[in-house]
Amino acid sequence: MTGISCDGKRCFSYCPDNVKCLLRYPAAFIMCEIMTERIIEIKDLKIPELAVYKERSEIQLLHINEPAAGIFICESAKVIRRALDAGYEPISVLTSIGDPDEEVREIFELCKNVPIYYGSDSVLREIAGYALTGGILSAMRRKPLPDISDVIRDKKLIAVLENVQNPTNVGSIFRSAAAMGVEAVILTSDSSDPLYRRAERVSMGNVFLVDWTIMDKEIDYVSLLAEEGFATVAMALSDNSVSITDPRIKAEKKLAIILGNEGYGLRQETIQSCKYTARIPMKPGVDSLNVGAASAVMFWELVRDRL
């Protein structure tokens with residue numbers, strides 16, 4: 001299609017496999033017969049295809065296809081791209097971006113077989129319930145969770161999150177894990193899901209760069225990890241706590257760093273079962289850090305000589 005007028009500009013070429021031209025000018029792709037098969041202007045907020053963005057909670061999306069894997073929502077171009085690169089399957093895209101940059105155009109091209117719903121910023125705000133700084137969302141299919149033995153196989157440094165319930169903290173831990181070379185994260189089932197939107201966003205999409213799985217909280221995971229050769233390190237304050245700089249910890253060939261709940265930390269049984277209990281040295285009067293900050297300090301201490 002050639003010669004489409006668009007707000008005083010001309011769009012001279014279009015290839016069905018390359019949307020860069022028409023996507024720069026919303027008026028053009030709304031007019032284009034080929035593009036309307038993929039890019040759908042939102043005129044009715046009640047269409048069922050938008051329910052995953054508007055009417056379903058994240059917990060509902062998690063369980064929507066049971067017993068099959070559920071759905072999750074990605075927000076921002078960086079997070080969506082990392083999810084796509086990790087092999088997650090998009091269902092649809094929702095955007096207010098009419099003049100996309102290179103990163104967003106690449107997402108449109110990678111999602112060329114799924115519908116792209118387009119609306120103004122105010123429309124997206126009404127659908128999402130808040131203003132979207134990135135102007136783009138994507139609903140994606142979850143993958144079946146891998147077995148813990150598959151996730152930790154051949155790994156040397158992993159983290160375990162026991163009942164870490166705040167998605168901001170989960171996202172922060174994943175971001176630090178990716179930055180410091182932590183190879184896998186295991187979460188107990190009472191922890192917040194790494195694919196919740198806020199966890200993804202805070203992690204800057206790093207939840208898609210680190211291997212992870214969720215295990216039943218009733219599993220004796222400390223014994224399981226010990227059987228796999230991991231020295232377990234409980235991050236906790238106790239009479240037996242050693243400094244995170246203790247050379248015995250760094251000398252271990254395989255380490256599992258165990259981080260606990262934001263309020264009460266790790267279960268006493270977990271602490272007692274671990275080979276080490278470690279603390280971060282700090283000034284008198286302050287005894288602990290937020291779990292997200294503590295994870296970053298611990299991961300850095302373990303790898304700083306190798307970075």
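Each residue takes its place number in the sequence, starting with 1. Being a predicted model, the structure only gives us computed values, none of them experimental. Below, each value reflects all heavy atoms present in this structure, side chains not excepted, and no hydrogens, waters or symmetry copies.
Evaluation of the side chain to side chain donor-acceptor pair (under 3.5 Å) rule for Thr168 yields Asn166, Arg198 as partners, not counting sequence neighbours. Not counting sequence neighbours, Glu58 has no partner by the side chain to side chain donor-acceptor pair (under 3.5 Å) test. In this structure Ile59 satisfies the side-chain contact (heavy atoms from CB on, under 4.5 Å) test together with Ser57, His63, Tyr196, sequence neighbours excluded. Residues forming a side chain to side chain donor-acceptor pair (under 3.5 Å) with Ser192 (at least two apart in sequence, or on another chain): none. For Ser223, the side-chain contact (heavy atoms from CB on, under 4.5 Å) criterion is met by Asp220, not counting sequence neighbours. Under the side-chain contact (heavy atoms from CB on, under 4.5 Å) criterion, Gln272 pairs with Gln268, not counting sequence neighbours. Considering only residues two or more places apart in sequence or on other chains, Leu110 meets the side-chain contact (heavy atoms from CB on, under 4.5 Å) condition with Arg81, Leu84. Legend: residues meeting side chain to side chain donor-acceptor pair (under 3.5 Å) with Thr245, ordered by chain and number and at least two apart, are Ser243.
Taking hydrophobic clusters as Ile, Leu, Val, Met, Phe, Trp and Tyr residues chained together by side-chain heavy-atom distances below 4.5 Å, Phe299 shares a cluster with Ile244. Taken together through direct or relayed side-chain contacts under 4.5 Å among Ile, Leu, Val, Met, Phe, Trp and Tyr, Val233 and Leu237 form parts of separate hydrophobic clusters.
A donor atom on one side chain and an acceptor atom on the other are found under 3.5 Å apart for Ser241 and Ser238. There is no side-chain donor-acceptor pair under 3.5 Å between Thr277 and Asn240.
Note on Lys112 versus Glu109: no salt bridge recorded, every NZ/NE/NH1/NH2 to OD/OE distance being 4.0 Å or above. A salt bridge does not link Arg82 to Asp85: none of the charged side-chain nitrogens sits closer than 4.0 Å to a carboxylate oxygen. Of the charged side-chain nitrogens involved, at least one lies within less than 4.0 Å of a carboxylate oxygen, so that Lys250 and Glu301 count as a salt-bridged pair. Between Asp246 and Arg279 no salt bridge is recorded (no basic side-chain N to carboxylate O distance below 4.0 Å). Of the charged side-chain nitrogens involved, at least one lies within less than 4.0 Å of a carboxylate oxygen, so that Arg267 and Glu162 count as a salt-bridged pair.
Using modelled atom types, one side-chain atom of Glu183 and one backbone atom of Lys156 make a donor-acceptor pair closer than 3.5 Å. Using a distance-only test at 3.5 Å, with no hydrogens or angles considered, a donor-acceptor pair links the side chain of Ser138 to the main chain of Ser92. In this structure, the side chain of Asp101 engages the main chain of Val104 through a donor-acceptor pair within 3.5 Å. Formation of a donor-acceptor pair under 3.5 Å by the Ser295 side chain with backbone atoms of Gly292 is found in this model.
Contact annotation: the side chain of Val93 never approaches that of Leu137 to less than 4.5 Å [non-hydrogen atoms, C-beta and beyond]. Proximity of Ile91 to Val114: side-chain heavy atoms (C-beta onward) are nowhere separated by under 4.5 Å. The shortest side-chain heavy-atom distance between Leu302 and Met180 does not fall under the 4.5 Å cut-off. When side chains are defined from C-beta on, Phe174 does not count as touching Leu209, because their heavy atoms never get closer than 4.5 Å. Proximity of Asp211 to Lys155: side-chain heavy atoms (C-beta onward) are separated by under 4.5 Å at one or more points. At a threshold of 4.5 Å between non-hydrogen side-chain atoms, the residues Glu200 and Glu75 do not count as touching. Under the 4.5 Å side-chain criterion, counting only non-hydrogen atoms from C-beta, Ile257 is in contact with Leu157.
For residues 253-265, the set of pairs meeting the side chain to side chain donor-acceptor pair (under 3.5 Å) definition, not counting sequence neighbours, comprises Asn163-Tyr264, Asn169-Glu262. Listed by first and then second residue, the ring pair (Phe, Tyr, Trp, His ring centres under 6.0 Å) pairs involving residues 79-103 are Phe72-Tyr88, Tyr88-Phe208 (not counting sequence neighbours).
Of the candidates Val164, Val170, Thr213, Leu187 forms a side-chain contact (heavy atoms from CB on, under 4.5 Å) with just one, namely Val170. Considering Ile73, Ile42, Val52, Ile116 in turn, Ile42 is the only one that fulfils the side-chain contact (heavy atoms from CB on, under 4.5 Å) rule with Leu94. Just one of Ile71, Leu62, Ile64 meets the side-chain contact (heavy atoms from CB on, under 4.5 Å) condition when paired with Arg142; it is Leu62.
Residue Ile80 holds its CD1 atom at 6.0 Å from SG of Cys74, rounded to the nearest 0.5 Å. With rounding to the nearest 0.5 Å, the separation of CD in Glu89 from SG in Cys111 is 10.5 Å. Taken from CE in Met282 to CD1 in Ile280, the straight-line distance is 5.0 Å, to the nearest 0.5 Å. In this structure, the separation between OG1 on Thr188 and CD on Gln165 is 8.5 Å, given to the nearest 0.5 Å. Taken from CE in Met235 to OG1 in Thr270, the straight-line distance is 14.5 Å, to the nearest 0.5 Å. Lys143 contributes atom NZ, which lies 10.5 Å from atom CE of Met140 (distance to the nearest 0.5 angstrom).
Pairing each heavy atom of Tyr276 with each of Ala231, the nearest pair is CE1-CB, 4.2 Å. For the residue pair Ile40 and Pro115, the shortest heavy atom distance occurs at CD1-CB, 3.9 Å. Of all heavy-atom pairs spanning Ile214 and Pro194, the tightest one is CD1-CD, 4.3 Å. Residue Thr232 comes nearest to Ser273 through the heavy atom pair OG1-O, 4.3 Å, listed as atom of the first residue, atom of the second, then distance. Nearest approach of Val291 to Gly260, heavy atoms of both residues: CG2-O, 3.7 Å.
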Task: salt bridge (Lys or Arg N to Asp or Glu O under 4.0 Å) between Lys275 and Glu252, intermediate numbers included - done: CA-CA 11 Å; Lys275 184 172 182 178; Glu252 297 285 356; 2.8 Å; yes
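Applying the 4.5 Å side-chain rule to ILVMFWY residues, one finds Ile148, Val151, Ile152, Ile158, Val160, Ile186, Met215, Ile219, Tyr221, Val222, Leu224, Phe230, Ile258, Leu266, Ile271 in the same cluster as Leu225.
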Name the atoms and distances for all side-chain donor-acceptor pairs under 3.5 Å in residues 122-129, with sequence neighbours left out.
from: Ser122; atom 1: OG; to: Ser120; atom 2: OG; distance (Å): 2.9

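At most 12 non-hydrogen atoms from other residues, nucleotides or ligands lie less than 6.0 angstrom from CZ of Arg56.
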